[in-house]
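One structure is given here, and the rest of the page talks about it.
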Amino acid sequence: MNRGIALKQPQQIPHSLDELMQRAHQLTGYTLGELATNLGWPVPKDLRSAKGWTGQLIEACLGASAGSKPEQDFPELGVELKTIPITPEGKPLETTYVCIAPLTGLNGVTWETSNVRNKLQRVLWITVDGRREQPLAERLVGVPILWTPTPEQEATLKADWEEITEAIVLGRVEQITGRHGIALQLRPKAANSRVETQGVGPDGQPIRTLPRGYYLKTSFTQALLHEAIGVRVE
DNA sequence: GTTTGATCATTG
DNA sequence: CAATGATCAAAC
């Protein structure tokens, strides 16, 4: 796979959705090794100690504002960027992290004003071959998919979010497991299981508890990818 | 410690 | 063998 010079050096922030999508399409068919080399990045042996590497590489290729804090990757375009590891058949290999879950200060927050909805309003999915048996440098970038939840999908997300949020507000955060929710789930999001943050206990009292994050289940991601257009790595 | 980027790896 | 709970690294 060598189609000459195409994407060199970190990109500037795209000024329009068209420009962003054009760049995204230009990545299709390149290997992660080629993209990394073009940027002068080393390729790690595997992702065990570099779990966010692919996402950061794609960010740099598309000109996302790196390391930014709470909002979307392209605030001016209203677009959140997500790389999604899949098999050549289009099956997601991992759940998708959405954002941290607020455990306090939830009074007055609704689905409409939630971080989850804000992040998922418009997502640019970059499919990447994520098979572990495939050497990292040889993994192919696939087609980009710009997605906005259908009314049905949003209703599912909203229902999951409301169920989880209500449990958090009522002090049942430690009883919520990854099994809750159809599309959205709540799971640990921390350096390790000893990390603690502030939460609310059963009697409304402050407690120390494991930080959690919202994740999209693979079944939901797979459905949305296939609805958008039959996904393939190449 | 928190939030970004996620994948790892044990368990059912 | 998928899914849940655990974990890794960087920026701040």
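Note that this is a predicted model, so its numbers are computed, not measured. Chain letters run A, B, ... following the sequence lines, proteins first and then strands; every chain starts at 1.
When only modelled atom types and interatomic distance are considered, A:W147 and A:E227 share no side-chain donor-acceptor pair under 3.5 Å. A donor and an acceptor atom, one from each side chain of A:T54 and A:R139, are nowhere located under 3.5 Å apart.
Side-chain nitrogen and oxygen atoms of A:R132 include at least one within less than 4.0 Å of the OP1 or OP2 phosphate oxygen of B:dC8. Close to C:dT4, at under 4.0 Å from its OP1 or OP2, lies no side-chain N or O of A:T95. Not one side-chain nitrogen or oxygen of A:K119 sits closer than 4.0 Å to the OP1 or OP2 atom of B:dT3. Distances shorter than 4.0 Å separate none of the side-chain N or O atoms of A:Y97 from OP1 or OP2 on B:dT7. Taking 4.0 angstrom as the limit, A:Q185 places none of its side-chain polar atoms (N or O) nearer than this to OP1 or OP2 of C:dA3.
Taking a 6.0 Å sphere around CD of A:E162, one finds it holds more than 12 heavy atoms contributed by other residues, nucleotides or ligands. When the shell of 6.0 Å around CZ of A:R48 is examined, it contains 12 or fewer heavy atoms from other residues, nucleotides or ligands. By the neighbour-count criterion of 12 heavy atoms within 6.0 Å, atom CD1 of A:I182 is sparsely surrounded, having that number or fewer from other residues, nucleotides or ligands.
Nearest to the side chain of A:K51, among B:dA9, B:dA6, C:dA9, sits B:dA6. Taking every side-chain heavy atom of A:S49 into account, C:dC8 is the closest of B:dT4, C:dC8, B:dG5. Distances from the side chain of A:T83 to the nucleotides B:dA6, C:dA3, B:dT4 place B:dA6 closest. Here the side chain of A:R179 is nearest to one of B:dT3, C:dA9, C:dG5, namely C:dG5.
Whole-Å rounding puts the A:F220 CZ to C:dT4 P distance at 15 Å. In this structure, A:E94 atom CD and C:dA6 atom P are separated by 16 Å, rounded to whole Å. Distance A:E59 CD to C:dA11 C1': 12 Å, rounded to the nearest Å. For the pair A:Q72 CD and B:dT4 P, the computed distance is 12 Å after rounding to whole Å. Separating the CD atom of A:Q175 from the P atom of C:dT4 is a distance of 18 Å, rounded to the nearest angstrom. The separation between A:L103 atom CG and B:dT2 atom P is 10 Å, rounded to whole Å. In this structure, CG of A:L216 is placed 16 Å from C1' of C:dT4, rounded to the nearest angstrom. Put simply, OH on A:Y214 is 13 Å from P on B:dT3, counting in whole angstrom units.
Using a 4.0 Å heavy-atom criterion, one finds that A:G178 contacts the sugar-phosphate atoms exclusively. Nucleic acid contact class of A:P85 (heavy atoms, under 4.0 Å, all strands): sugar-phosphate only.
Remark: the A:Y215 side chain and the C:dA3 base include no donor-acceptor N/O pair separated by less than 3.5 Å.
The shortest side-chain heavy-atom distance between A:V43 and A:W53 falls under the 4.5 Å cut-off.
Remark on DNA chain B: of its neighbouring residues A:L47 and A:R208, the 5'-side contact belongs to A:R208, judged by nearest-heavy-atom nucleotide.
In summary, A:E154 and A:R117 engage in a salt bridge, as defined by a charged side-chain N under 4.0 Å from a carboxylate O.
The stretch residues 186-199 of chain A touches DNA chain C through A:R187, A:P188, A:K189, A:A190, A:A191, A:N192, A:S193, A:R194, each having a heavy atom under 4.0 angstrom from the strand.
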Verdict with reasoning, A:K82 to A:T221, per side chain to side chain contact (heavy atoms under 4.5 Å, CB included): CA-CA 11 Å; A:K82 291 290 177 195; A:T221 309; over 6 Å; no
